[in-house]
Amino acid sequence: KKGEVRIKECKQMIQALHNAGIGVIMDVVYNHTYTSDSWLQRTVPNYYYRMNNDGTFSNGSGCSNDTASEHLMFRKYMIDSVTYWASEYHIDGFRFDLMGLHDQETINEIRAALNKIDPTIITYGEGWTGGSSTLPSSQAALKAKISKMPGFGAFSDDIRDGLKGNVFDEEDTGFVSGKSGLESTVKSGVLGATDSWAGAPTQTINYVSCHDNNTLWDRFTNSCPDATDEEKATMTKLASSVVFTSQGVPFFLGGEEMCRTKPLANGKLDSNSYKSPDSTNSIKWDTLSSSLVSGVSNYYKGLIEFRKAHPSLRLTTTEDVNNNIKFSEDVGDNVVAYEVSGKPNGEKADSIFVAYNANKEDVQVKLPKSDKWQVCVNGEKAGTDVIETINGDTVTVKAQSTMVLVLGDTNGTPEDTSKVTSSDNDNSNGVNTSDTSTPIGWFAFVGIALLAIAGIVFVTVKKKANR
């Protein structure tokens, strides 16, 4: 009954998270309202929504109505509310639900307004829709158009589906779980989609699981029903190693690093848990007592440590990607290997060589040259410490694993703790984080976010399909 108490507590929560070095990203759902009989509709009928020629509501959201971001006053509403959250609540970023339902002009005006407050505020979204829309695709803020929206990023469903299988088919497999012929998809992911739809690697959000659909662990349970827990842990490590050694911005579901599962009381696994109880949605911290789970968790920590130590894995321009990354040829089926060299972006190491082996057998991979290669990541461990040294020009990559080898400095240098900007006044199109550490925490954030605009009309308890 006392709204001011909630406001104060929300601000205190954000402040406490900041004090702990954790940033807060808000999931904003502007694309539809809970009901078509909203105050917006009552105020100016049919103005704030997109309407079909027959007078019905456009339904690209899958939630019965679509708002009209291209209309001046709704655009103003979006800009005013986002900037208010940023300036009054010190929100560090915004994730736009079904961003493809908004128009590019509005998205660019939001970015321009946020730049005036803090150009390092992170902005990204789902570059797709939940159905057909009356907004012309040429105007829509779709993933394919992201290069026209500097400072915004988009989720890469390409690398997501390429690694684990199509999200609309729970039994489908991907690169890490046994499907062949996906090497080109993985290579595009390594390049941060700069070979296809991204204007810069920093516009690509790489991931294999989020709050929508099955958790990664549950996905492997469904698509590989005969797999043991140890085999699912192996696939989890392989998938995460691709995400963390690819150009772009890494993202993962909170608890993915703990083999998170969403069980229902009937024994089934929940792929759409927005209205499920805590017994389904909670992170089971006690699972860390398992050596298997703690091993996966430590592997994620090591991958994060290695990525943060090596800026050549966090390139900010397509030019740097093209000039410094070279894929190995003739490595065989279900294997992708590449070298990043030239010390781009302030890299200290002379060369980093990465090899992914999705086969169920070990493979021999030729190194770029014969030298003293230091292994920092393999199928069991990850980090900046040297696991072993390979003298020569070939390396054995174990089955369903990644190997990362370094020539020169393996530890890199501590990252700059100042915020890094990739706004539209520099040479990058990327999300305004450049995937480097900031005082409020690194982008992964493990899903720390406010999951709706709770006090206004753009909260939904309906659930749409995730494209």
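As the structure is a computational prediction, the values presented were derived from the model and not from experiment.
- Between the E183 side chain and the N334 main chain, a donor and an acceptor come within less than 3.5 Å of each other.
- Of all the heavy atoms in A200 and T194, the pair that sits closest is C-CG2, 3.8 Å.
- Under a 4.0 Å N-O distance rule, the pair K187/D195 does not qualify as a salt bridge.
- Note on ring orientation: taking the six-membered ring where Trp is involved, the planes of F155 and W128 are tilted (angle from 30° to 60°).
- The residue from N345, I352, I325 that alone fulfils the side chain to side chain contact (heavy atoms under 4.5 Å, CB included) condition with S312 is I352.
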- Under the ring pair (Phe, Tyr, Trp, His ring centres under 6.0 Å) rule, what do F244 and F306 come out as? Steps first, then yes or no, please. CA-CA 9 Å; F244 282 103; F306 185 84; over 10 Å; no

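- Using a distance-only test at 3.5 Å, with no hydrogens or angles considered, no donor-acceptor pair links the side chain of K179 to the main chain of S177.
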- Query: Do T215 and R260 pass the side-chain hydrogen bond (donor to acceptor under 3.5 Å, both in side chains) test, and can you show the C-alpha distance, the side-chain angles, and the key distance before you say yes or no?
  - Reply: CA-CA 7 Å; T215 69; R260 183 179 179 180; over 6 Å; no

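- A donor-acceptor distance shorter than 3.5 angstrom exists from the side chain of S294 to the backbone of S291, with no hydrogens or angles considered.
- Rounded to the nearest 0.5 angstrom, Y207 OH and S156 OG are separated by 7.5 Å.
- Qualifying side-chain contact (heavy atoms from CB on, under 4.5 Å) partners for P277, counting only residues two or more places apart in sequence or in other chains: S279, T280.
- Between the Q203 side chain and the I146 main chain, a donor and an acceptor come within less than 3.5 Å of each other.
- Between the side chain of N31 and the main chain of D97, a donor-acceptor pair closer than 3.5 Å is present.
- R307 places a side-chain N or O within donor-acceptor distance of the main-chain N or O of L313, the cut-off being under 3.5 Å.
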- Under the side-chain hydrogen bond (donor to acceptor under 3.5 Å, both in side chains) rule, what do N214 and S271 come out as? Steps first, then yes or no, please. CA-CA 4 Å; N214 287 119; S271 63; 4.7 Å; no

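- Checked by atom type and distance alone, the side chain of E256 never pairs as donor or acceptor with a backbone atom of G254 at under 3.5 Å.
- E171 CD: 12 or fewer foreign heavy atoms inside a 6.0 Å radius.
- For the pair T228 (side chain) and E231 (backbone), a donor-acceptor distance under 3.5 Å is present.
- To the nearest 0.5 Å, atoms OG (S297) and CG (L288) are separated by 5.5 Å.
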- Task: For S276 and N281, run side-chain hydrogen bond (donor to acceptor under 3.5 Å, both in side chains): C-alpha distance rounded to whole Å, both residues' side-chain angles, the deciding distance at 0.1 Å, then the answer.
- Result: CA-CA 7 Å; S276 297; N281 280 311; 4.9 Å; no

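- Between V354 and T402, some side-chain heavy-atom pair lies under the 4.5 Å cut-off.
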- Could you walk me through whether Y356 and V190 pass side chain to side chain contact (heavy atoms under 4.5 Å, CB included), step by step? CA-CA 11 Å; Y356 315 122; V190 167; 3.8 Å; yes

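- Other residues, nucleotides and ligands contribute at most 12 non-hydrogen atoms within 6.0 Å of the NZ atom of K360.
- Using a cutoff of 4.0 Å between basic side-chain nitrogens and carboxylate oxygens, E126 and K143 are not scored as salt-bridged.
- For the pair K232 and F220, the cation-pi criterion (under 6.0 Å, within 45° of the ring axis) is not fulfilled.
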- Item | Criterion side chain to side chain contact (heavy atoms under 4.5 Å, CB included) on K343 and N324, from CA distance to verdict | CA-CA 8 Å; K343 296 186 175 181; N324 297 285; over 6 Å; no

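- For the pair T318 (side chain) and G199 (backbone), a donor-acceptor distance under 3.5 Å is present.
- Counted by atom type alone, D92 and H18 present one or more donor-acceptor pairs between their side chains at under 3.5 Å.
- Smallest separation of non-hydrogen atoms from L142 and G100: CD2-CA, 3.9 Å.
- Under a 4.0 Å N-O distance rule, the pair D158/R160 does not qualify as a salt bridge.
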Tell me which donor-acceptor pairs under 3.5 Å the side chains of residues 375-386 have, and how far apart each pair is, sequence neighbours excluded?
unit_1: N378; atom_1: OD1; unit_2: E380; atom_2: N; d: 2.9
unit_1: N378; atom_1: OD1; unit_2: K381; atom_2: N; d: 2.8
unit_1: T384; atom_1: OG1; unit_2: E305; atom_2: OE2; d: 3.1
unit_1: T384; atom_1: OG1; unit_2: N411; atom_2: OD1; d: 3.1

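- Atom CD of E319 has 12 or fewer neighbouring heavy atoms from other residues, nucleotides or ligands inside a 6.0 Å radius.
- Shown here for V29 and H32, the closest heavy-atom pair between the two residues is CG1-CE1, 3.5 Å.
- Side-chain atoms of N166 never come within 3.5 Å of backbone atoms of D172 as a donor-acceptor pair (strictly under, hydrogens ignored).
- Residue pairs meeting the salt bridge (Lys or Arg N to Asp or Glu O under 4.0 Å) criterion with at least one member in residues 362-376, sequence neighbours excluded, are D362-K398, K366-D393, K369-D371.
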